[in-house]
Structure formats: structure tokens, C-alpha cells
Amino acid sequence: MQKAALPKGTRDFAPDVMRRRNFITDTIIHVYKKFGFQPIETPAMENLSTLLGKYGDEGDKLLFKILNSGDFLKKVSPEELNDADANSLGLKIAEKGLRYDLTIPFARFVVQHRNDILFPFRRYQIQPVWRADRPQKGRYREFWQCDADVIGTDSMIAEIDLIQIYSEVFDALGFDDYVLKINHRKLLEAVAITCEMDSNFRHLTVCIDKLDKIGWEGVETELATEFSHPSIEKLKTILINGKITTEFLNDLSAKLTASPSLDQALKDLREILGFISDIQLDVNMELDLSLARGLDYYTGCIFEAIIPESGIGSVSGGGRYDDLTGVFGMNDVSGVGISFGIDRLYDVMEHFGLFNELESSPVKLLLAHFDEKSRSACVKLARELRSMDISVQVYPDVKKIKKQLDYANKNHIPFVGVIGEDEIAAGSVQLKNMRNGEQVSVSQSKIGEALL
RNA sequence: GUGGUUGUAGUUCAGUUGGUUAGAACGCUUGAUUGUGGUUCAAGAGGUCGCCGGUUCAAGUCCGGUCUUCCACCCCA
């Protein structure tokens, strides 16, 4: 016999888990729709060429590759088999991969359907993504992302909408404590220029992103592998406080070397802060200069949402990208998007006990019986009740009534209708309320009303 | 990819320095109750101790490998 098992980092979702997961996705979809986003879906697999090189070296390693069908070794010579490293050999025997996120497939989608899309285009997409990571707390190899993107405009109205979405989603899910962090890649570029660290911008962003986690001393150590001491000291005077306020933006600009990047970042951020103030949006947003985000394609505003004391990093991330579609041959299309991680939202909600909905069954009535004849009567009655849009289930086997009641009880089915010889003769049903145990005899023709 | 950690009944877990027939709770089945669930009581079923190999008179217990769980790093939802 074979052992029933799942690949590492993947999970089954039982009905009670699905009910909660659906609550999360329904909540998010409801908000997305209010802001005019429309759903799309894309395939689980993409061509590897679509995926590779979009998420940095680290991302490439984490892609699940799909072995070519048929004789996948046909195109590989014995010499290549011996000499090749795993990476280059992988490309010869696999030309498809599982998607790593929903943003790159969306960019591909936009380019491919450019003639059918009306820009600016707002889409939401809720599908699983796969990463060949090592699983740990809040990290799975298969997990669900819940994306919303606006593409085809560089207006900050898109950012403002996304910020409002954050506020509404967290409120609706019941989080009273969350932090929406925001920063701007071009502001970071200005910092890099000022500190003469623009030679290795990526290293800079990776380091300062860890400020929260490892503190300035840790960041300093990691920076030292690439940058000079004076540069690091200068960065310290800019970064040391990490979090900055609206007013601090002005002070900050005075510290930074003038550049087009700086101008753009300040313009965007001031516009956003202005809107938030105008509409008096109640959102717990922090401008955080140490927020960098590793994904390579971000070029403007970047977002990250965290739930303090949850034990899980971030539940959402996002940002603006100026040229995601460029690699697919469609230039100068700016977009901005966010992505909620359903699995992490679930874990955090469970951690704080935010799932407080009553245990209830989608089935309202179970019809119980004593023999094949009364069971037939149940099937007939069930059909009538369903035509009234009542969710009914007929117990399938002829078993003791005790067993059938027990089944209803364990499934939290609120009502049981018992039909036997006497009831058939009288055209009635014994309707039992499973919550309080009360039982009444009801005419079969009236049972629908009794339940509604 | 690096380091650590975990695995015993359906589930959560005990199991002494290696030593008879591996336990508990909950769950499950049956009965008390042949037309009535939840509570109670009684009885019963259920384990190749993750898998493979090694040490030993003897392995759930020690050793090696492997898979799995969880955690940290890297990175990220």
C-alpha cells in the first residue's frame, strides 16, 4: 500500500478551512470591485522564458520547472549531460514553469491582449503561485495571492485607490492594528546618489530593508562588504531614524543631492500625502525609508503591510513598475499593484482569534427515514424544497434514526425532518430543531414555510 | 541552498540506564435506547513505533542514511 502524502509545503483545505479562506477572499473581492477592478485568470504554467530573469537571481532559483513531455533528454547530448551545470541543463529539458507571482503573468497578459484592453486597465486576480522555497512559519511552496493592479497610467490616483483598499480590507477583516509602510524607489535612488552608493543599488536596498530586523549595526556590517566607510556614515545620518513623517520629507530633501529621481519621488509622495489629507483617509500609513523590497521590477512607490505582533513578516506587498511590459515588447506602460497573501492573512487572523463566525452548515435540513419507502418520500420532498431554494440533504443509507440524527448533529445541520410510515400516511413530517431539541409535526406542504 | 528540530493509535501526546504482551486522553464502533442527536454508563476495535540499513543475546529507545514536520538564515505573500 502506498502512503497518502502531499509534496512538501503544500496543503489540503478541509471545508471548515475553506469557509474561512472564502471569507477572506470574498472580503477582498468585494473591496476590489468597489474600486472598479475586474477579474482575470492566467494559466498555472508559463513559458520559462516569461518567468526567468524577472525576480532576480534568487527568484530564478525558486522557480518550479516543468519537465518537457515525451523524451525530454532527446535534445541533450551525452557531453552536455556530463558537463552542464544544473541550471543550463534545466533550460534544455524544461521549457515551462509554474508561475512565481501574478504580476509578471499579468504583464504578459496585457501585452498579448493589448488590442482588447481599454487603458487604464484595472484587474484583480486570485490564484495560487508556487515557489521552491523551504517552508517555514507563514511560508508555503504553494500559496494564494490576491492581486489588484492598475496599468496604463502614472497617475497617483491609482496609488491612492490602493491605499484606500488597504484601509478597507483590513477594517473589514477585523484588524485594528496594522501598519501600511510606503516608500519610493526613486527616493532610495536619491539616497544612493547622495551617499555614492549607486554603484550597487541592489545591495544597498537589500541591506537597508533589514534595518527593522537586524538593527543599524547589522546593516552596517553588511554594507561594509560593498561600500566605503564615509558612504556608510553618510547613509547613517539619513537613515538612522528609519521612519519619517510628512514634515520630515522636507528636511530629508534638503539632505539629499538634487536629482531627477529625487524630484519625482518627492512629487509623488507629496501628492499622495496631500490626497490622504484631503479625503481625511483613516489609514495607519508610515513613510519608511528603510522599506526597499527585493523584487527587481519596482521603480516608483512601494508598499508593504504588516500586522504587528503577528509573528509573520508581511501580509501584503506591492508597488509601481514603469516598464514591466517592456521586456515583452510594449514600452512606456506604467502600472501599480498590490498583492495580499491569503495564507498569511489566514494565519494571522487565526493567531489573533479573528475568525469568530458561528459554526454553521450550508445545509438547512436533513431528511431522515426508516426504510426504502420513506426514503423515497424524502427524495421527493427534498426536490420540492430545493425548488424553493432551501438547501436539503437526504440521508443516503437506510440506517437507524439515531445514526441519522447524529450525522446532522455533527455536521451542524440545524433541522432534521423525520418521515416514516405514519408521516407518509398523514402527509406530514416530524420537524426537529437540533439546537433546542423541540419537535413538531408539520404538514409536508407547509414545511418550506416553516423553514423560511 | 545553509544550520537546527520533529516523527509512537484517526488526533494530541506519555514511554525510565536498551529488557516480557508499547500506554493515556479525546475520537471511532457496538450496546444500555428495535421511531430520536448532544449528557452519562458499559464493552470493543485500532500501532510494521516515518522508511531503509547497522550495532546488540535483545532496539520505540543507540548509530548511519533517507523522507517528513517545524524553526532560523537567504529571500519573500
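Every chain is numbered from 1, with letters handed out A, B, ... down the list of sequences. This structure is a prediction, so every number in the text was calculated from the model and none was measured.
Under 3.5 Å, the side chain of A:K432 and the base of B:U36 form at least one donor-acceptor pair of N or O atoms. The base of B:U36 sits within donor-acceptor range of the side chain of A:Q439, with an N or O pair under 3.5 Å. With hydrogens and angles ignored, a donor-acceptor pair closer than 3.5 Å exists between the side chain of A:R139 and the base of B:C75. A:D406 contributes no side-chain N or O that forms a donor-acceptor pair with the base of B:G37 under 3.5 Å. For B:G35, the base has a donor-acceptor partner in the side chain of A:E423 [N/O atoms by modelled type, under 3.5 angstrom].
A:K403 has a side-chain polar atom (N or O) that falls below the 4.0 Å cut-off from OP1 or OP2 of B:U29. A:K8 has a side-chain polar atom (N or O) that falls below the 4.0 Å cut-off from OP1 or OP2 of B:U68. Residue A:K399 places none of its side-chain N or O atoms closer than 4.0 Å to OP1 or OP2 of B:U34. Using a 4.0 Å cut-off, no side-chain N or O of A:Q136 falls inside it from OP1 or OP2 of B:C71. Residue A:K210 places at least one side-chain N or O under 4.0 Å from the OP1 or OP2 atom of B:C74.
Remark: ring of A:F143 overlaps the six-membered base ring of B:A77 in a stacked fashion, centroids less than 5.5 Å apart, planes less than 30° apart.
Contact check on A:D406 versus A:K402 returns no salt bridge, with no Lys/Arg side-chain nitrogen under 4.0 Å from an Asp/Glu carboxylate oxygen.
Remark on RNA chain B: of its neighbouring residues A:K137 and A:R344, the 5'-side contact belongs to A:K137, judged by nearest-heavy-atom nucleotide.
Atom CG of A:D133 is separated from atom P of B:C71 by 13 Å (rounded to the nearest Å). Atoms CG (A:L291) and C1' (B:A77) sit 14 Å apart, rounded to a whole Å.
A ring-centre distance under 6.0 Å is found for A:W144 and A:F13.
Applying the Watson-Crick and G-U wobble criteria (two distances, each under 3.5 Å), B:A25 pairs with B:U11. In a base pair of the Watson-Crick type (N1 to N3 plus N6-O4 or O6-N4) or a G-U wobble (N1-O2 and O6-N3), with each distance short of 3.5 Å, B:C49 is matched with no nucleotide. Remark: B:U6 base-pairs with no nucleotide in the shown strands. Criterion, Watson-Crick or G-U wobble with two distances under 3.5 Å.
Using cut-offs of 30° and 60° on the angle between ring planes, the pair A:F340 and A:Y32 is tilted.
Between the side chains of A:D397 and A:Y407, no donor-acceptor pair of N or O atoms lies under 3.5 Å.
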